[in-house]
Every structure is written in structure tokens, then in C-alpha cells.
Amino acid sequence: MPELPEVETIKRDLASVLVNQRINYFKVNKPKLLRNKLIFFNHYLLGAKILSVKRRAKLLLIELSSGYYLIIHLKMTGQLVWRGRAGGVKSGGHPIVGVSKVPNKYTYITLGLLNGSKLFYNDVRQFGYWQLVNQQEIELWLSKYGPEPLSSSFTLSRFIKILKKRSRSKIKSVLLDQKVVAGLGNIYVDESLFLARIKPDRQVAELKLQQLRNLHRSIKQVLRRAIMARGTSFSNYVDALGKNGSYWQNRYVYGRTDEPCRRCGRAINKTIIAGRGTHYCAQCQF
DNA sequence: CGGAGTGTTAGTCG
DNA sequence: CCGACTAACACTCC
């Protein structure tokens with residue numbers, strides 16, 4: 001699931017409880033989720049202290065005193081749930097309906113800390129991964145991604161420059177490409193295009209400067225609002241602290257097929273672009 | 001029951 | 001370069 005706002009929310013929560021803690025336990029029930037050998041994980045995780053928790057695109061980066069970064073990608077259904085020794089819970093990722101307890105049948109990785117707290121990784125579809133990357137490799141890794149849309153590196157001129165290279169493609173396909181803008185996914189692309197009043201199947205070359213300006217601004221606006229709402233959760237899942245994402249209530253088009261457009265009242269359309277379900281208002285978007 | 005669809009992304013093929 | 005399609009997997013919805 002998680003797109004930038006969800007991973008950002010998880011990052012903030014985890015940073016508040018993991019930083020300066022030392023890892024003393026690591027258990028894996030589904031080795032294929034690990035991109036390095038188990039021995040390697042044990043060597044660089046056990047005994048290491050967590051120095052920082054960061055985010056780049058949809059990746060979670062956990063900096064370790066062993067000189068390695070633990071990279072976690074949640075893909076479609078990955079979920080991280082932290083539980084303190086006293087029982088407090090923070091979770092993030094795709095909600096699993098009816099499963100709010102940890103560990104559960106989808107818990108495939110468990111990380112234990114010296115203070116008695118634990119971090120559980122659940123993943124129904126098992127697409128996510130954990131990988132250890134050293135200082136040199138991390139640079140190369142992260143350089144493959146486009147600008148962070150909420151950082152000062154995401155300027156209008158840089159955005160336009162990147163888009164020009166893809167002028168014959170549909171704007172939605174381009175925005176889903178992590179090399180163009182890091183961290184957007186299906187929900188926030190649809191939402192950004194609605195806000196910018198651009199039809200998702202428009203070719204980039206057809207877009208006027210004013211539309212690109214609107215899009216650039218809309219992307220930032222949508223993501224900022226979603227982070228404030230702690231992201232978007234499908235279904236009515238609530239974690240143990242009752243703090244799951246509420247952006248679902250604020251959305252304009254995603255998952256609102258046939259419901260009235262919040263701007264003009266016309267029914268929201270759904271089509272397929274780039275193989276993904278795509279929602280838009282045929283009246284408000286051009 | 002069967003088939004389509006689901007928040008991601010890497011890979012193949014034309 | 002680009003898009004269409006598939007695969008990884010489990011589950012829900014119609």
C-alpha cells in the first residue's frame with residue numbers, strides 16, 4: 001500500500017521509539033522476504049544500535065551503528081507494528097481487516113530491542129522486502145529515484161525538465177514512475193490530477209505551462225494534507241492507539257467511482273491507465 | 001464457484 | 001524510449 005504519506009507517518013512514529021535502541025533479537029519465518037542471507041542479517045543487526053529512521057520515496061531507511069542501512073519496502077500489503085514492553089502499539093502500512101493483534105499469521109519478521117519492545121513485520125501478499133545496504137551502496141540506491149516532492153529539490157523547473165523527457169506518455173503513467181517524482185502511487189496521483197484539473201490520460205506534451213504549475217503545486221498540497229491526516233487507510237481498521245490514516249475521508253476521486261464529484265456533483269469515472277484503476281471527474285478535469 | 005480487482009515494482013516483449 | 005502485459009501472492013467482492 002503505502003505511498004509517501006503513509007511511509008512518512010510510519011517513519012515518524014518509529015523514529016520516536018526506535019532511535020538509540022539496541023537490537024538483540026531477529027527472527028524470520030519467511031526467508032524470501034530477506035534480500036540478503038540470514039547470516040548476514042544476524043551479523044549486522046544483532047548488537048547494533050539504531051541511529052536514525054529515515055524515508056526516501058516509499059522506502060524506510062533504518063540507520064545502524066554497524067555501518068549498514070536496513071531498507072524496508074512495504075510494497076502492497078507490508079505492515080510494521082511496534083509494541084512496547086508495556087503493550088503500547090504503533091502500526092503502519094496496509095490494514096489487515098480483523099487482524100490488529102501482533103504477532104499474527106501474517107507476521108513474518110520480528111525484530112527485538114534491548115528495552116523489551118518489538119517491531120513486527122506483517123505482509124499478507126509477501127511482496128515487500130528487507131535489505132541491508134552499506135554506506136556506499138545506499139547512495140547509488142537512492143540516486144535512482146526522482147526528487148522528493150516535499151523537499152526544496154522539487155522545483156517547478158526541475159519537474160518540467162524531467163517531464164519533457166516523457167512528453168509522449170500519459171501524465172498518469174509518468175507520475176507513477178518513481179524516477180520522475182519519488183513516492184507517488186495510485187491514490188495520490190489520481191488525487192493530484194484532480195486537484196490540478198488535468199485528465200489522467202493527457203499526454204505530457206499537451207499540457208500547458210499553467211497546468212504544469214498547478215500539478216506541481218497540487219502534488220505537494222495533496223501529500224502535505226495526507227501526511228497531516230496520517231495517510232490513507234482502506235476499510236475501517238484502527239490500530240491499538242486508534243491512530244490510523246484519515247485521508248480516506250478527504251479524498252476527491254480515488255475509490256469514489258459513481259459517487260458525486262465534490263466540486264461539481266457529476267459522477268466520478270473509472271478507467272484503466274497504465275494498468276491501474278484510474279478515477280477522475282470528466283467535467284472538472286481537462 | 002469463478003473471475004476480476006487490490007495501495008508496488010521488476011522484468012519481458014513487441 | 002514506451003506501453004502492454006505478466007509475475008510475485010492472498011484475499012475480497014460481485
Side-chain angles (χ1 to χ4, degrees), chain A residues 1-10 29-35 55-60 71-80 91-99 104-109 121-131 141-142 144-146 162-193 200-205 222-223 226-227 229-237 244-258 270-279:
Chain A
M1 146 217 193
E3 303 179 32
L4 187 151
E6 291 77 29
V7 180
E8 178 65 22
T9 301
I10 294 167
N29 298 329
K30 190 70 74 171
K32 71 163 190 172
L33 299 181
L34 302 184
R35 290 206 171 175
R55 178 194 60 75
R56 171 86 167 99
K58 298 169 192 170
L59 297 170
L60 212 53
I71 296 183
I72 300 177
H73 199 312
L74 305 170
K75 290 286 187 88
M76 293 283 271
T77 55
Q79 184 180 50
L80 284 166
S91 76
H94 184 66
I96 301 169
V97 176
V99 182
N104 57 56
K105 63 186 284 206
Y106 305 111
T107 303
Y108 296 127
I109 303 176
Y121 180 75
N122 311 325
D123 195 344
V124 171
R125 292 175 72 179
Q126 306 166 32
F127 292 169
Y129 61 82
W130 286 38
Q131 178 165 10
W141 245 87
L142 300 183
K144 289 183 284 191
Y145 290 91
I162 299 169
L163 288 182
K164 277 204 172 133
K165 288 187 241 170
R166 306 286 297 273
S167 52
R168 296 206 314 277
S169 306
K170 292 174 179 171
I171 185 62
K172 165 140 183 177
S173 312
V174 174
L175 293 180
L176 285 172
D177 187 339
Q178 301 299 295
K179 296 192 288 296
V180 173
V181 182
L184 289 179
N186 210 28
I187 295 179
Y188 299 112
V189 166
D190 282 6
E191 294 295 308
S192 300
L193 288 169
D201 65 348
R202 277 279 176 262
Q203 291 207 332
V204 172
V222 163
L223 294 176
I227 290 172
R230 299 181 57 81
T232 300
S233 315
F234 280 10
S235 85
N236 49 9
Y237 171 89
N244 251 335
S246 60
Y247 191 79
W248 187 248
Q249 279 79 259
N250 303 341
R251 77 205 194 280
Y252 287 95
V253 287
Y254 186 89
R256 296 193 67 246
T257 314
D258 296 333
K270 182 174 181 187
T271 181
I272 305 233
I273 294 175
R276 316 296 302 280
T278 298
H279 316 73

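Only a predicted model underlies this, so the values are computations on that prediction, with no experimental measurement involved. Just the heavy atoms: all of them, side chains too, but no hydrogens, waters or symmetry mates, feed the values below. Just so it is clear: chains get the letters A, B, ... in the order the sequence lines come, proteins before strands, and each one is counted from 1.
A search for side chain to side chain contact (heavy atoms under 4.5 Å, CB included) contacts involving A/Ser169 returns A/Arg166, A/Val174, not counting sequence neighbours.
Of the options A/Lys270, A/Lys170, A/Lys172, a side-chain hydrogen bond (donor to acceptor under 3.5 Å, both in side chains) to A/Thr278 is made by A/Lys172 and by none of the others. The side-chain contact (heavy atoms from CB on, under 4.5 Å) test with A/Trp130 is passed by exactly one of A/Leu33, A/Leu60, A/Ile109: A/Ile109.
Computed from coordinates, the A/Asn186 CG to B/dT6 C1' distance equals 10 Å when rounded to whole Å. A/Asp123 has its CG atom 13 Å from the P atom of B/dT9, to the nearest Å. Following rounding to the nearest Å, A/Gln79 (CD) and B/dT6 (P) show an atom-to-atom distance of 21 Å. Rounding to whole angstrom units, CG of residue A/Leu4 and C1' of B/dT9 are separated by 16 Å. One can place CD1 of A/Ile162 at 16 Å from C1' of C/dC1, the figure rounded to the nearest angstrom. One atom, CD of A/Gln178, and another, C1' of B/dT8, lie 8 Å apart when rounded to the nearest Å. Rounded to whole Å, the distance from CZ on A/Arg256 to P on B/dT6 is 17 Å. Following rounding to the nearest Å, A/Ile72 (CD1) and B/dT9 (C1') show an atom-to-atom distance of 18 Å.
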Original post:
So what's the dot-bracket for DNA chain B: Watson-Crick or G-U pairs under 3.5 Å, [ ] if a pair crosses, | if it pairs off-strand?
Top reply: .|||||.|||||||

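Here the separation of B/dC1 from C/dC9, taken at their P atoms, is 22 Å to the nearest Å.
Judged purely by atom type and a 3.5 angstrom limit, A/Gln178 has no side-chain atom pairing as donor or acceptor with the backbone of A/Ala57. No donor-acceptor pair closer than 3.5 Å links the side chain of A/Ser173 to the backbone N or O of A/Ala274. Formation of a donor-acceptor pair under 3.5 Å by the A/Glu3 side chain with backbone atoms of A/Ile187 is found in this model.
A distance of 8.0 Å separates CG of A/Asn250 from OG1 of A/Thr232, quoted to the nearest 0.5 Å. Within the model, atoms NZ of A/Lys75 and NZ of A/Lys58 stand 10.0 Å from one another, a figure rounded to the nearest 0.5 Å.
Checked against a 6.0 Å centroid threshold, the rings of A/Tyr254 and A/Tyr247 do not count as neighbours.
OP1 or OP2 of B/dT9 has not a single side-chain nitrogen or oxygen of A/Lys179 nearer than 4.0 Å. Phosphate proximity of B/dT8 to A/His73: absent, as no side-chain N or O sits under 4.0 Å from OP1 or OP2.
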**OP:** Going 5' to 3' through nucleotides 2-11 of chain C, assign each nucleotide B (protein heavy atom under 4.0 Å from a base atom), S (under 4.0 Å only from sugar-phosphate atoms) or - (no protein heavy atom that close).
**Re:** SS----BBBS

